[in-house]
Amino acid sequence: MTINVKAYANADDILIAWQPDTWSNDWVGFQLERRNNITQQTTVLSNRIPPKPGEKPVADAGISSTQSPFRRCIWTDHSVVDTDNVSYRVTAMKSAANGTFTPDAASVSAWTTPAVASGDAGGGLSAYFNRGTLMSQIVSRFVKGDASDDSLRNFVKGLSDPANQARRYLSGDALHEILAFLHDADLRGSQIHAAIYEMNDEELVGALKPFGSRGNVLLGNGSATKPNIAGELSGAGLTVKHRDLSNAGRSSPSVHNKFVVESDAHGNAIRVLTGSTNWTTTGLCTQLNNVLIIENAVIAKRYLDQWGKLVAAGNAMPPALKTSNSTPTSDSNISVYFAATNGEAEFKPVLDLIKNAKDGALFLMFMPGQSPLLDALLDRAQQNDVYVRGVVSTMMPSKNGDIVSVGGEVVKSGAPQQSFHDDVQLPHGVSATNEPSWADVEFSVQQIRNAGMIAIVHSKTIVVDPFSDNCAVITGSHNFSVAASEKNDENLVIIRGNKQLAQAYALHINGVYDHYSWRGYLGSGGNPDQIYSLDGWKPGGGKEQELDFWMEEPVPPRPTRGAGSVGAAQQPAVAARASTKTAARKAPKKSAKKAAKKSAKTSAKKSVRTSAKKAKASKPAKAAKAKKTKARTTKKAKAKKAKAKK
């Protein structure tokens with residue numbers, strides 16, 4: 001028997017996927033080893049799940065997968081650091097005496113092709129990510145299991161301190177690379193032109209000040225910008241401009257870019273930093289974001305030209321600017337659009353990419369509304385002829401800017417298409433009511449909101465066919481919404497054919513999806529002990545499509561399961577699936593079967609749109625309810641405070 005293993009890397013993580021060609025009924029899990037290809041040192045990776053259901057949390061360092069095997073076939077190694085050159089090996093484990101485990105010597109896999117943890121994807125492109133999820137086990141460990149409101153306030157207060165350990169962890173490579181970009185540009189004596197939606201992080205502000213007269217900053221109309229920021233930058237000698245498309249001090253329509261262009265002493269654009277990351281402490285530490293660096297003079301010049309056009313336009317969006325925005329600038333495999341555009345010009349090439357996806361599409365979206373891009377992705381998920389995974393994060397502000405609801409949806413192919421959850425707040429933490437015995441209670445979304453923050457997926461990214469020569473990455477500041485296309489300042493980058501970049505973003509999306517889907521499963525009453533079973537990873541199991549995708553196997557159409565179905569009645573027989581597995585791999589990929597009938601598809605899409613309209617109609621009621629709740633909460637807080645004084 002052979003276990004095939006693959007490894008994929010970005011700057012932060014390495015994802016390992018493995019698939020046996022034959023399964024043994026004696027296997028209960030897998031040991032995973034990592035080899036440093038420079039020193040040849042081998043390490044057995046640790047699991048964070050105890051050997052048996054019902055046991056207490058393991059030590060912070062985890063427990064060796066020799067003692068507690070991984071009960072899955074995909075694992076992400078978070079312990080690698082930048083430039084690590086490593087390979088992985090998998091061994092199946094069997095039960096032994098006294099609750100221990102022993103390796104199946106016949107199952108030991110070969111070492112994977114070396115994987116290097118790096119943001120450099122080649123072709124002048126680099127991608128980096130933060131770890132901004134407050135509702136997580138690592139944050140629970142930072143606060144030593146104290147998930148109280150006071151603990152959260154103290155934790156968040158510390159995130160503005162550059163020396164804070166939690167800040168360094170949560171901001172991750174995103175903060176490091178923004179600072180490195182600015183530092184390197186300053187050392188070269190370069191000029192910078194930055195267009196930033198909102199800014200309040202003192203470390204980033206401090207990194208701009210050394211540029212003095214070589215620095216140029218266009219501040220947008222984001223509500224988080226501190227009043228003193230413009231004065232500090234001007235006082236350091238930088239040129240500071242302002243742009244407010246609302247013309248009234250509101251944050252919408254948004255001057256929503258987050259880019260910095262580096263130019264040499266002669267004004268020639270060299271490179272540009274863009275992505276989704278707001279230059280705020282929350283953007284760095286409490287939201288999930290990405291940073292993309294493009295070292296391409298043609299693309300960088302287009303960003304530099306755009307900076308000048310935005311400054312010249314003042315607080316307006318003149319027709320000439322929209323016309324200019326509607327024409328992309330392309331060089332090699334990179335294209336960039338700016339918004340606002342005419343006729344949603346930037347969406348057309350993205351819709352074509354989604355429509356023509358052959359293997360899979362992964363995505364993260366923030367407040368896309370009734371986006372044609374989301375609609376197209378939901379179509380592909382409903383067709384179930386390619387692998388689709390995504391997370392959509394939404395929030396609803398009241399007229400005065402208070403957030404009155406947070407919602408979201410985990411989207412996957414092979415699941416019934418449903419409306420976005422009005423009754424489920426995502427992301428939500430592991431609570432005392434759904435806490436596995438081996439997990440710590442996490443901060444809840446309600447606590448986060450009460451503390452004046454929203455923990456959201458803010459990264460806006462679509463990846464198509466990441467293992468194909470025709471792969472594509474779509475990212476930037478753009479929310480993928482019609483409103484952003486019609487009214488906002490945005491940038492949207494499309495990069496084709498860079499598999500390393502596509503796989504780096506695919507890992508990023510997969511990590512977010514796993515985080516959301518597991519907590520959503522627990523929140524809906526799912527049994528956490530299901531994690532101890534390997535059945536889902538075997539042929540015919542619920543994880544088969546996911547495993548085929550990461551093993552770069554064909555992902556044939558599969559029947560869509562009924563809502564909430566997890567029983568064997570809806571599952572194909574394992575034996576039958578196993579007998580056809582090899583044939584499916586050898587056969588050419590087919591389009592979705594006609595069984596996914598047009599009437600079913602139309603009905604599902606109608607359900608989504610009806611729910612969206614229903615949600616929209618309920619906004620005033622929700623806002624009114626939230627206002628009353630806020631009043632009651634304030635009243636209780638005042639009473640409590642008065643009582644405390646006594």
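All values reported here derive from a predicted model rather than from experimental measurement. Here, residue 1 is the first one in the sequence, and each next residue gets the next number.
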Any chance the side chains of [X] and [Y] put a donor and an acceptor closer than 3.5 Å?
| X | Y | answer |
| --- | --- | --- |
| H508 | S459 | yes |
| D13 | H78 | yes |
| N290 | Y128 | no |
| Q306 | N325 | yes |

Of the non-hydrogen atoms in [X] and [Y], which two are nearest, and what is the gap between them?
| X | Y | answer |
| --- | --- | --- |
| D489 | R243 | OD2-NE, 2.6 Å |
| L182 | A207 | CD1-CB, 3.7 Å |
| I270 | S190 | CD1-OG, 4.4 Å |
| A339 | E346 | CB-OE2, 4.1 Å |
| P372 | E344 | CG-OE1, 3.8 Å |

Does the pair [X]/[Y] count as a salt bridge with the N-to-O cut at 4.0 Å?
| X | Y | value |
| --- | --- | --- |
| E203 | R167 | yes |
| R250 | D244 | no |
| E198 | K258 | no |
| R188 | D264 | no |
| K309 | D305 | no |

At what distance, to the nearest 0.5 angstrom, does [atom1] of [X] lie from [atom2] of [Y]?
| X | Y | atom1 | atom2 | value |
| --- | --- | --- | --- | --- |
| L208 | D186 | CG | CG | 10.0 Å |
| N200 | T281 | CG | OG1 | 5.0 Å |
| R519 | H515 | CZ | NE2 | 4.0 Å |
| I74 | I16 | CD1 | CD1 | 10.5 Å |
| T341 | K322 | OG1 | NZ | 7.0 Å |
| S485 | E490 | OG | CD | 9.0 Å |

Measure from the ring center of [X] to the ring center of [Y] and say whether it is less than 6.0 Å.
| X | Y | result |
| --- | --- | --- |
| F467 | W550 | yes |
| H478 | F347 | yes |
| F366 | F480 | no |
| F338 | Y303 | yes |

Is there a side-chain contact between [X] and [Y] (heavy atoms, below 4.5 Å)?
| X | Y | value |
| --- | --- | --- |
| Q287 | T277 | no |
| V411 | L378 | yes |
| S335 | V493 | no |
| L204 | L284 | yes |
| D173 | D82 | no |
| L292 | L501 | yes |
| L159 | L170 | yes |
| N470 | L353 | no |

Inset, instruction - With sequence neighbours left out, write down each residue that passes side-chain hydrogen bond (donor to acceptor under 3.5 Å, both in side chains) with R271, or none if nothing qualifies. - result: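 For R271, the residues satisfying side-chain hydrogen bond (donor to acceptor under 3.5 Å, both in side chains) (neighbours in sequence not counted) are E262.
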Inset, instruction - Please lay out, stage by stage, how S263 and Q191 fare under the test side-chain hydrogen bond (donor to acceptor under 3.5 Å, both in side chains). - result: CA-CA 5 Å; S263 305; Q191 305 174 46; 5.7 Å; no
Inset, instruction - Check the pair K355 / D379 against salt bridge (Lys or Arg N to Asp or Glu O under 4.0 Å), numbers first and verdict last. - result: CA-CA 9 Å; K355 178 182 178 181; D379 278 350; over 6 Å; no
Inset, instruction - May I ask you to establish whether R131 and Y169 are in a cation-pi arrangement, using a distance under 6.0 Å from NZ or CZ to the six-membered ring centre and at most 45° from the ring axis? - result: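 Output yes; distance and angle both within limits.
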Inset, instruction - Test N257 against Y197 for side-chain hydrogen bond (donor to acceptor under 3.5 Å, both in side chains), laying out the working first. - result: CA-CA 6 Å; N257 287 300; Y197 172 57; over 6 Å; no
Inset, instruction - Please assess Q503 against N10 for the test side-chain contact (heavy atoms from CB on, under 4.5 Å), listing each intermediate value before the final yes or no. - result: CA-CA 8 Å; Q503 290 164 22; N10 63 21; over 6 Å; no
Legend entry - K241 atom NZ: more than 12 heavy-atom contacts under 6.0 Å: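 For K241, atom NZ is not crowded (no more than 12 foreign heavy atoms under 6.0 Å).
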Legend entry - K348, NZ: over 12 other non-hydrogen atoms inside 6.0 angstrom: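 Yes, enclosed.
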Legend entry - Stepwise side-chain hydrogen bond (donor to acceptor under 3.5 Å, both in side chains) check, T282 with T280: CA-CA 5 Å; T282 54; T280 61; 3.2 Å; yes
Inset, instruction - List the steps, then state whether side-chain contact (heavy atoms from CB on, under 4.5 Å) holds for V261 with K301. - result: CA-CA 8 Å; V261 182; K301 183 179 185 303; over 6 Å; no
Inset, instruction - Could you walk me through whether S118 and D120 pass the side-chain hydrogen bond (donor to acceptor under 3.5 Å, both in side chains) test, one step at a time? - result: CA-CA 5 Å; S118 173; D120 185 356; 5.3 Å; no
Inset, instruction - Using the side-chain contact (heavy atoms from CB on, under 4.5 Å) rule, take I474 and T461 through it: C-alpha gap first, then chi angles, then the decisive distance, then the call. - result: CA-CA 6 Å; I474 302 96; T461 304; over 6 Å; no
Legend entry - Option among V272, V291, V260 that satisfies the side chain to side chain contact (heavy atoms under 4.5 Å, CB included) test with F181: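 The side chain to side chain contact (heavy atoms under 4.5 Å, CB included) with F181 is passed solely by V260 among V272, V291, V260.
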Inset, instruction - Given side-chain contact (heavy atoms from CB on, under 4.5 Å), test N289 with N278 step by step and report yes or no. - result: CA-CA 8 Å; N289 279 302; N278 285 321; 5.8 Å; no
Inset, instruction - Report the relative orientation of the aromatic rings in F142 and F155; use parallel for angles under 30°, tilted for 30 to 60°, perpendicular for over 60°. - result: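 Ring orientation of F142 relative to F155: tilted.
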